[in-house]
S.K.: 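Have a look at this one before I ask anything.
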Amino acid sequence: MNIVLGVLTFLLIVVSFFLCVVILMQRAKNDGGMGAALGGGMAESAFGADTSNVLSKATINLSIAFFGLAVLLSLGRVYQRDHVSASGEALPTINVPATTAKPQTTSSAPVTMPSPAQSAPAEKPAPDTSRKP
């Protein structure tokens with residue numbers, strides 16, 4: 001299935017490239033525009049007087065091919081996702097060694113946590129306000 005999806009992806013890229021080229025070769029309705037700068041004259045000399053019909057038909061056919069390939073690729077990816085998740089191979093299996101329930105310490109002395117009174121910083125004495133200047 002991966003090979004088919006890869007081939008369809010490659011075809012979609014090729015079709016989209018040719019679709020861009022055909023669209024840019026077309027002459028604009030008003031003054032030539034980008035089509036004249038990017039090969040509109042060359043298209044006229046290649047296809048003769050029927051240039052607009054040939055390029056319009058090519059645009060329509062390439063557009064249909066583009067959308068058809070896009071839908072096929074989308075359905076293929078959905079099928080691939082569902083097929084993989086149904087077989088349970090979506091994520092790799094990682095073997096983890098079993099651990100003991102009791103953590104082992106390197107020293108024989110028990111570990112103790114400091115009490116809040118020990119960990120709190122010593123308070124500063126209040127300033128003496130009884131002195132007169």
Side-chain angles (χ1 to χ4, degrees):
M1 186 70 174
N2 286 337
I3 295 173
V4 173
L5 292 176
V7 169
L8 287 177
T9 303
F10 177 75
L11 286 176
L12 183 69
I13 292 170
V14 170
V15 166
S16 63
F17 173 74
F18 282 122
L19 184 62
C20 290
V21 169
V22 168
I23 288 173
L24 289 175
M25 283 175 51
Q26 292 180 7
R27 186 174 292 271
K29 300 283 183 200
N30 297 340
D31 62 349
M34 191 66 105
L38 294 175
M42 182 181 64
E44 283 183 12
S45 65
F47 298 118
D50 226 8
T51 302
S52 61
N53 285 340
V54 171
L55 292 178
S56 295
K57 288 180 183 179
T59 303
I60 291 169
N61 291 334
L62 286 171
S63 302
I64 291 170
F66 177 82
F67 285 111
L69 285 170
V71 168
L72 282 176
L73 271 172
S74 173
L75 292 175
R77 295 293 178 188
V78 167
Y79 174 78
Q80 185 181 31
R81 184 192 65 209
D82 290 345
H83 182 67
V84 167
S85 65
S87 65
E89 297 174 7
L91 295 175
T93 304
I94 300 173
N95 296 328
V96 179
T99 59
T100 59
K102 209 185 323 182
Q104 297 177 353
T105 58
T106 56
S107 65
S108 61
V111 178
T112 59
M113 298 297 290
S115 66
Q118 292 174 348
S119 63
E123 293 184 22
K124 293 182 181 180
D128 187 19
T129 57
S130 62
R131 287 194 298 174
K132 294 183 182 177

S.K.: Spell out, as yes or no, whether a donor-acceptor pair under 3.5 Å connects the side chain of S74 to the backbone of A70.
M.R.: no
S.K.: Hey, could you give me the OG1/CG distance between T9 and L73, rounded to the nearest 0.5 Å?
M.R.: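 Answer rounded to 0.5 Å: 4.5 Å.
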S.K.: For L69 and V15, which heavy atoms make the closest approach, and how far apart are they?
M.R.: CD1-CG2, 4.0 Å
S.K.: Which residues pass the side chain to side chain contact (heavy atoms under 4.5 Å, CB included) test with F18, sequence neighbours left out?
M.R.: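 Residues passing side chain to side chain contact (heavy atoms under 4.5 Å, CB included) with F18: V14, L62.
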S.K.: According to a 4.5 Å side-chain heavy-atom criterion applied to Ile, Leu, Val, Met, Phe, Trp and Tyr, with indirect links allowed, do L19 and I60 form part of one hydrophobic cluster?
M.R.: no
S.K.: Considering only heavy atoms from C-beta outward, does the side chain of V4 approach that of L8 to under 4.5 Å?
M.R.: yes
S.K.: In terms of hydrophobic clusters joined by side-chain contacts under 4.5 Å, are V21 and F10 together?
M.R.: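 They do share one cluster, since a chain of ILVMFWY contacts under 4.5 Å joins V21 to F10.
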S.K.: Drop me the distance from L24's CG to L55's CG, to the nearest 0.5 angstrom.
M.R.: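 So the CG of L24 and the CG of L55 are separated by 11.0 Å.
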S.K.: Taking atom CD1 of I3 as the centre, does the number of heavy atoms from other residues, nucleotides or ligands within less than 6.0 Å exceed 12?
M.R.: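 No, because the 6.0 Å sphere around CD1 of I3 holds 12 heavy atoms or fewer from other groups.
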S.K.: Atom CG of L12 and atom CZ of F67: how far apart are they, to the nearest 0.5 Å?
M.R.: 10.5 Å
S.K.: Count I, L, V, M, F, W, Y as connected when their side-chain heavy atoms are under 4.5 Å apart, and connections chain through other members. Are F66 and V7 then in the same cluster?
M.R.: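 Hydrophobic grouping puts F66 with V7.
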S.K.: Side-chain contact test, heavy atoms from C-beta onward, threshold under 4.5 Å: evaluate it for M25 versus V54 and give yes or no.
M.R.: no
S.K.: Could you report the tightest heavy-atom contact between V22 and A58, atom names first, then the distance?
M.R.: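 Taking V22 first and A58 second, the nearest heavy atoms are CG1-CB, 4.0 Å.
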S.K.: In the single-linkage hydrophobic clustering (I, L, V, M, F, W, Y; side-chain heavy atoms under 4.5 Å), do L72 and I13 co-cluster?
M.R.: no
